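A short write-up of the structure that comes next.
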Amino acid sequence: MPTYKLTVNKKKYEVNADADTPILWVLRDHLNLVGTKYGCGIAQCGACTIHLDGKATRSCVLPVSSIGNKAITTIEGLSEDGTHPLQEAWATHDVPQCGYCQAGQIMTAAALLASNPKPTEEEIVTAMQGNICRCATYNHIKDAILTASRK
Amino acid sequence: MNTTTYNRRSFFKVSAVAGGGILFGFNMLTAQKTEAGVAEVLADANQINGYIQIDSKGIVTIMSANPEVGQNVKTSMPMIVAEELDVAWKNVIVKQAPLDTKNFVRQVAGGSQSLRFSWKALRTAGATARQMLINAAAQKWGISPSECTTNEGVIRNSKGQTVTYGEIAAEAVKMEVPKDVPLKNPKDFKIIGKNTTNVDIKAITTGKPLFGLDYKREGMLYAVALRPPAFGQTLASFDDKETRKVNGVKDVIKFGNKIAVLATSTWAAIKGQKALKATWTGDTKAESTEEHDKKMLAFLDTPSSAPKRNDGDVKTAFANADKVLERTFHGPFMPHNSMEPMNFFANVTADKAELVGPTQRPEETRKQVATLLGMKEDQVSVEMTRIGGGFGRRLMWDFALEAAEISKLAKKPVQLVFTREDDMTAGLYRPATKYKFRVAIKDKKVTAYHLTGTGINGQNFVRETFFPAGAFENLLMESHNVESKITTAPWRAPITNFLAFAEQAFFDEVAREIGADPVQFRLDLFEQARVNAQKGMKFDYDVDKSIGVIKLAAEKSNWGKAEKGVYQGFSAYYSHNTYVAEVAEVVMQNNQPVIKRIVCAIDCGIVVNPVAAINQSEGGVIDGIGHAMFGDFSFVDGKPQANNFNKFRLIRMSEVPKVEIHFVPSLNDPTGLGEPTLPPVGAAIANAIFAATGKRLYSFPFAKELGMQGS
Ligand code: FES
Ligand code: FES
């Protein structure tokens, strides 16, 4: 098995994994960073969303061999202490129900705000369209993103 | 020091905690009957499954014993305890109680019913603990307890002396457990009724391990199983040569008709599963949607020898009718699609079995695993994790049994993981159903009502004690079962999730047929039910509450007075002891109906945690819209035709309307909220779509019926 050097949440790791292993499973099984979730494995639900050099990316279809030097950020590294404006807005609006999809939702939203700090409602909907919430917390997610964008 | 008291319905145990604290153990749930066997019932109330601990500094720890599947019980149950205990919520820490230590004997699960069944027990526990603390303080001061009051963890006497709960805790341990402690007047609630943030919020938003799939154990292997691709098939033979070549694959094990691949990572196990070559045999011809439909349609025209309800003289009423209106509705199978796929951890050794995972039925799971392994129940432990969605699927235990069996055969701790494809195709679906409604109309009045229901693997597809039973003097309800090899399970609001749509869409048609306003038509029927009740007719709903939510929804939506271009549809349904009425508003955009707003009125008794109640009610509404619009699932020769979210469409943000929730102010005990907002919404939108387009909808998914893009 080849060895890969990865930077995850500013920390350096070395992992042995088959080249085709999606980074999702490297994070979860090899590095024990289980905040990133598995939902579909085919880039349809957004539960596995991470940032690759700041861009929202579906980790379930991203082979470890394709990462190269790019920096990975997961929900665990979104902020030092859980105080990213989105994490706080999520509490203000009490967004989660079961909570399973929420790491992916927050990561997608965080990439949106990083590139577009004051999105319109329409821009939010477009950005979030790839993230499924089976508990249907969509309206609360939208409100929380709007709240965070006003900070 | 231990004080224990028993009475018929509760159990209370008090003990000292090192450092001067006190621990109260109580029973979260007094034994009660449940609907449809969905919740588990305590056979013996003398068991402890809830704890309140107060340390010498006054910090209160409350153990929440119910599995958290997203209904907020982990937050709202401790709120109820804290309310009666009279402590500040900021001083409360909530912990998930594990199953099966010596102290925590059992947890209870069950959808919308959790709060309803625990309400009294939780309040009594908090109030009893408070009274013991007061009694201890009164003894110390040499006064009567009635001279003491409490406020947020501080006891005060009439002379103005104070002592905190923490300071008196060590003394309270020595007190008798008081009986028949009075509960607060709901008007005085300070915590109940206030928005309270989910106690796990920080762990969720920072990605802490909480869910079943996040659970790990030293030396554990990941297991992914290959199951028969079609219902009715069995395993003939298999070849695992390629699988064993996959890096990380440690073992391949046949169990029953399935094959498990065990590996050091999930990905290796998935690759191994894909590399398996298996041949399957079995006759699956009968298990096609087309075949099911034929059987169900035949049943809709077959009189039942044992009707579920037969009031008055339906036959004569139909014979004398001016007109008969008859409509048939078609409900497909539906997978649950919890966001977290099924999974379970098991570690089975010679003398014990340890299970950890997302289940809503820990106790039943334990029983089933014990039976499977031929162990005694006390050799099996089941620990619950947070649950990434259930919708009824995790009221079943098949995945836990599989994990136990694989672990036993592999002699290793295993985490069984369903891929999304496994989750969607391995079964346990909402059963497909069909309904035929007929009404006899004479002089613009409905004189008889006849409903025939049929479906796959179900005992009863009608609800003979729900509305409109009671509203018509002549009423017949029948149900027929179609046996199938396709496995079925409860799905959020079992049966009523489709029946309510069909009924309430039909009522809209009947109202228009007789020239009545749909809201007034329903109000008149409930008035008729009131009259019939006085004549001795029996049914399970409350007429005033039914009317209350209908009027509230009509008022809040400005029923009948929508702006130009906005089309409204009405629907109301009672289920899980909760009353709901909904108005949907639709506009036309590019010649397609678009759902813009849902106004939802709910009577669920006291609302414990409004922010969570609104979230959950909205969730039910949007879930109902999603499955009515897009839910499409069928079989060909026993094989499910969708296996992932590219083929099974779930609702996404752009399709979600504004949802307004209005609760009827109430001082009644709380009832369920996880399910009741879902059943009526299908008809609300179908009726609004009819108003907008003139097209009636009789089947899910509406998007297909309407020929909408992407359907
Ligand atoms: S798990 Fe990656 S998009 Fe669903
Ligand atoms: S909160 Fe449950 S899937 Fe989104």
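Everything quoted here is computed from the prediction, not taken from an experiment.
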Q.
Quick check on the structure: residues of residues 81-88 of chain A within a heavy-atom distance below 4.5 Å of chain B, by number.
A. A:D81, A:G82, A:T83, A:Q87

Q | Inter-residue atom distance B:E655.CD - B:I595.CD1, 0.5 Å rounding | A | 9.0 Å

Q. Between the side chains of A:N16 and A:T3, is a donor N or O closer than 3.5 angstrom to an acceptor N or O?
A. yes

Q) Donor-acceptor pair, A:T7 side chain versus A:K12 backbone, under 3.5 Å? A) no

(Q) Looking only at heavy atoms and a cut-off of under 4.5 Å, which of A:H140, A:H93, A:M128, A:K142 has the most pairs with chain B? (A) A:H140

Q. In Å and rounded to the nearest 0.5 Å, what is the CG to CG distance from B:N72 to B:D200?
A. 10.0 Å

(Q) Could you tell me if the side chain of A:P96 sits less than 4.5 Å from the side chain of B:I201, heavy atoms only? (A) yes

Q | Which portion of B:F418 sits near chain A, non-hydrogen atoms under 4.5 angstrom | A | backbone

Q | Segment of B:V659 engaging chain A (4.5 angstrom heavy-atom cut-off) | A | both

(Q) Parallel, tilted or perpendicular: which one describes the rings of B:F633 and B:Y429, with boundaries at 30° and 60°? (A) tilted

Q) Given side chains that start at C-beta, do those of B:K74 and B:V94 come closer than 4.5 Å, heavy atoms only? A) yes

**Q.** Interface residue of largest heavy-atom contact number with chain A, from B:R492, B:M424, B:K271, under 4.5 Å
**A.** B:K271

Q.
Under 6.0 Å from the ring centre and within 45 degrees of the ring axis: does the NZ or CZ of A:R28 meet both conditions for the six-membered ring of A:Y38?
A. no

Q: Let me know if B:L650 has heavy atoms under 4.5 Å from chain A in its side chain, its backbone, both or neither.
A: side chain

Q | Side chains of B:S76 and B:N609, donor plus acceptor under 3.5 Å | A | no

Q: For the pair B:D423 (side chain) and B:M342 (backbone), establish whether a donor and an acceptor sit closer than 3.5 Å, ignoring hydrogens and angles.
A: yes

Q) By a 4.5 Å heavy-atom criterion (distance strictly below it), what part of A:I106 contacts chain B: side chain, backbone, both, or neither? A) side chain

Q) Checking B:T419 against chain A: side chain, backbone, both or neither under 4.5 Å from a heavy atom? A) both

Q.
Is A:N131 close to chain B through its backbone or its side chain, or both, or neither, when contacts mean heavy atoms under 4.5 Å?
A. backbone

Q: Considering only heavy atoms and a distance below 4.5 Å, find which of B:M339, B:K202, B:H336 pairs most often with chain A.
A: B:M339

Q | B:L210 versus chain A, the contacting section by heavy-atom distance below 4.5 Å | A | neither

Q) Which bit of A:V26 comes within less than 4.5 Å of chain B, counting heavy atoms only: side chain, backbone, both or neither? A) neither

Q. Taking the six-membered ring for Trp, are B:H627 and B:F648 parallel (under 30°), tilted (30 to 60°) or perpendicular (over 60°)?
A. tilted

Q: Using non-hydrogen atoms and a 4.5 Å limit, figure out which bit of B:F211 sits close to chain A: side chain, backbone, both or neither.
A: side chain

(Q) Let's test your reading of the structure: which of A:R134, A:Q97, A:Q102 forms the most heavy-atom pairs below 4.5 Å with chain B? (A) A:R134

Q: Could you look at B:K216 and say if it's the side chain, the backbone, both or neither that has a heavy atom under 4.5 Å from chain A?
A: side chain

(Q) For a 4.5 angstrom cut-off between non-hydrogen side-chain atoms, does A:C133 reach A:Q105? (A) yes

